[in-house]
A.B. asks: 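Sharing a structure here in structure tokens format.
In what follows, chains carry the letters A, B, and so on, assigned in the order in which the sequence lines appear, proteins first and then strands, with residues in each chain numbered from 1. All values reported here derive from a predicted model rather than from experimental measurement.
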There are 2 protein chains.
Amino acid sequence: MASRAKATILDIAREAGVSKSTVSLVLQGSGLIRPETAVKVRKAIEDVGYVYNRGAANLRKAHSNVIGMVINDLTNPFFAELAVGMERVFQSAGIVPFIANTAENPVRQEEVLKSLMEQGVAGLIVSPARGTAPGAFRRLETAGVPVVFAMRRLPESRIPVIAPDNHRGAYLATAHLIGKGHRRLAFFGGSSDLVVYHERLGGFREACEVLGITARDTLVFEGETSRKGGIACLDTALAMAEPPTAALCFNDAVAFGVLLALRKRGLEPGTDFAVVGFDDVVEAEHYMPALTSVAVDSAGLGERAAHVMLKMIQSRTTRAEDHIGAVNLVVRESCGPDRRAGLGDAA
Amino acid sequence: MASRAKATILDIAREAGVSKSTVSLVLQGSGLIRPETAVKVRKAIEDVGYVYNRGAANLRKAHSNVIGMVINDLTNPFFAELAVGMERVFQSAGIVPFIANTAENPVRQEEVLKSLMEQGVAGLIVSPARGTAPGAFRRLETAGVPVVFAMRRLPESRIPVIAPDNHRGAYLATAHLIGKGHRRLAFFGGSSDLVVYHERLGGFREACEVLGITARDTLVFEGETSRKGGIACLDTALAMAEPPTAALCFNDAVAFGVLLALRKRGLEPGTDFAVVGFDDVVEAEHYMPALTSVAVDSAGLGERAAHVMLKMIQSRTTRAEDHIGAVNLVVRESCGPDRRAGLGDAA
DNA sequence: CCTATCAGATGGAACGTTCCAATAAGTCAA
DNA sequence: TTGACTTATTGGAACGTTCCATCTGATAGG
């Protein structure tokens, strides 16, 4: 049905015997029109199979109610969670956010940002791809589009950030390992082009220092932030003359790799080698053994980011405060029992 | 920098000392303008910090190069993979697709579709939410927007579908279990409001019938399509007087649940109870024991769907052929060795 | 010198909305 | 009856593009 050409408000106006202005008012739910007229118009809208043309409207209105979420890796459940948290908030605000994936590729990210801008987004929540150039968001800034970073930040930028307390999380995890009696510790995975990496590594280092682990007993192995990276890290670590007995992993994926590699060598995770992850993705709980990990509540951070964005749009500002989310260590089985001679504490 | 109001092609025209038409032509890369003029214009574009207004352009052009992907559950890596496959194709076609998540909620889906239509999408790839009403896509159809379904289909619709060969996959998996010597089989998880469920269950039933398993030895347990659902299915199955010895699971998540529940009961997956999954998500390979599963190549299906969509848009049609993707059984450890007395075949 | 041809550039009318200012039709007080 | 005010409705100009039709000079052929 419906003639080939799309119906416009003029078609509705003709059908309902009113002016286009009246139709426009009805569409916006204005209280100025007589109820009976509104009913008549709404009927006509149904009859002609009208679909609202937001592009045309934005041409006049200049603010667009479209919000973009730019995610660096959608296949990582951790970031998918983040996206879902944001969506929840936007949904209850009656707006539909568009998600775009950059697959950790700065060039792709550039394209995505350009496209989103052309679409006239009202705001952008971004988890920047690794290796993002320092000036990548300048365009957005000069255009006055509100942007907030989620999970990750860029080295020098003034864009507000919503992220977990990486430093503290790493500190807690490291303290836990030391508390278990480990004296030679490793940090596995990640690479220094990520700010997050420095934050987590910083927490690790600080804990070691404060709790009496010497510098030569704190080992750092960079590597891919994936299972594969974890496997590689463990292999090179165990090849050392004096290998570590425990590792804090950059994220859970790395930790899973380590667990796997341990099993493959016939070592028992937890008793032979302790490992703790970071992010606490859902699988952590279900792994064998269950992974001890730093929970960051990514969905919660997503919600927070969405709220900040909404507020920024509303107050038409491009600045906002950073928000550092609380973290907590979820102790499961991958660090085994205490390592000291005794039989652990009585609790 | 950049004055408060956004720059338009008129600003560029003024800056470059040409007409707006010329600027427009340059933007479209027309060969009609003299190279030096083009250079001059491009410089002006940079200078004024111009961002293209696609909304305004679409107003005239009426076809929008925006493609939407509507996904029922982004946190499921299986669907995330699908999305990534599609993205890959669209990227090389130079277009940026927008992803929207429906979280398996038909109401949300309705909102998402509406929003996407208002945005003037050129086409839509949809993995419909469970419980989608039969007429949910009529609007799209009458508007002449090309739509293709991915992974899932709706009962009566004429919309083209890109999906794996669920029936055959289930058949293969079931035959494998029977080949291992199992004589009392279960189908775990899923519910009948999904067409996929019927397809997979159908393959299971056919294999049982053809390969000589009596109807009373083929058990079906509906349940959530999650780890939790798998755990529940196993519990009720093992509570039976004469429990099954093997199960085909609706998907990998269910299978993981079953594996977990077996371990919790002190049973060894594979030897005590065989389980095969469906979808072959990345985790399947890394589980303990590694999960035997039906691989469906979701990224490949995503690519296929994207290609079909591109073709539909290009030939401005709303119809296309269905595409049923090949599947294959990836045998790992979760079904253990053969069950018959002998020591298996000599291969 | 005139006319055809051609490359390059341009004005103006759309496209489908919103919103301001204006209008029409009541209602009510003076 | 008049004017002030209210309520409901409306025309028209804008928003930033595209694209058709037109215009301007050059160049070339006769």
A.B. asks: B:E36 has an atom CD; how far is it from atom P of C:dA7, in whole Å?
C.D. replies: 16 Å

A.B. asks: Output, in order, the C-alpha distance, side-chain angles, deciding distance and verdict of salt bridge (Lys or Arg N to Asp or Glu O under 4.0 Å) for B:E46 and A:R139.
C.D. replies: CA-CA 11 Å; B:E46 275 306 313; A:R139 269 250 151 65; 3.5 Å; yes

A.B. asks: Below 3.5 Å is the cut-off: list the nitrogen or oxygen pairs between protein and nucleotides 16-20 of chain D, distance only.
C.D. replies:
residue : atom : partner : partner atom : Å
D:dG16  : N2   : B:A56   : O            : 3.2
D:dT17  : OP1  : B:Y50   : OH           : 2.5
D:dT17  : OP2  : B:I9    : N            : 2.8
D:dT17  : O5'  : B:Y50   : OH           : 3.3
D:dT18  : OP1  : B:Y52   : OH           : 2.9
D:dT18  : OP2  : B:S24   : OG           : 2.4
D:dT18  : O2   : B:R60   : NH1          : 2.5
D:dC19  : OP2  : B:Q28   : OE1          : 3.2
D:dC19  : N4   : B:S21   : OG           : 3.3

A.B. asks: Rounded to whole angstroms, how far apart are CZ on B:R34 and C1' on C:dT10?
C.D. replies: 14 Å

A.B. asks: Return yes if some donor-acceptor pair links the side-chain N/O of A:D322 with the main-chain N/O of A:V161 below 3.5 Å, else return no.
C.D. replies: yes

A.B. asks: Kindly express the pairing pattern of DNA chain D in dot-bracket notation, using | wherever a base pairs with another strand and counting only Watson-Crick or G-U pairs under 3.5 Å.
C.D. replies: ||||||||||||||||||||||||||||||

A.B. asks: From the options A:E111, A:E110, A:E104, select the one residue that forms a salt bridge (charged side-chain N to carboxylate O under 4.0 Å, His left out) with A:R108.
C.D. replies: A:E111

A.B. asks: In whole angstrom, give the distance that lies between atom CG of B:D11 and atom P of D:dC15.
C.D. replies: 11 Å

A.B. asks: Does D:dT9 have OP1 or OP2 sitting under 4.0 Å from an N or O in the side chain of A:T22?
C.D. replies: no

A.B. asks: Between A:K114 and A:E118, does at least one N-O distance fall below 4.0 Å, as a salt bridge requires?
C.D. replies: yes

A.B. asks: Using only atom types and a distance under 3.5 Å, with no angle test, would you say the side chain of A:S115 pairs donor to acceptor with the backbone of A:V112?
C.D. replies: no

A.B. asks: With respect to the phosphate group of D:dT9, does any side-chain polar atom (N or O) of A:S19 fall under 4.0 Å of OP1 or OP2?
C.D. replies: no

A.B. asks: Parallel under 30°, tilted from 30 to 60°, perpendicular over 60°: which one fits the rings of A:F137 and A:F149?
C.D. replies: perpendicular

A.B. asks: Check the distance between D:dA21's P and B:L32's CG and give it to me in whole angstrom.
C.D. replies: 15 Å

A.B. asks: According to side chain to side chain donor-acceptor pair (under 3.5 Å), who are the partners of A:S24, at least two apart in sequence or on a separate chain?
C.D. replies: A:Q28

A.B. asks: Consider only side-chain N and O atoms of B:E81 and A:T75, and report whether a donor and an acceptor are under 3.5 Å apart.
C.D. replies: no

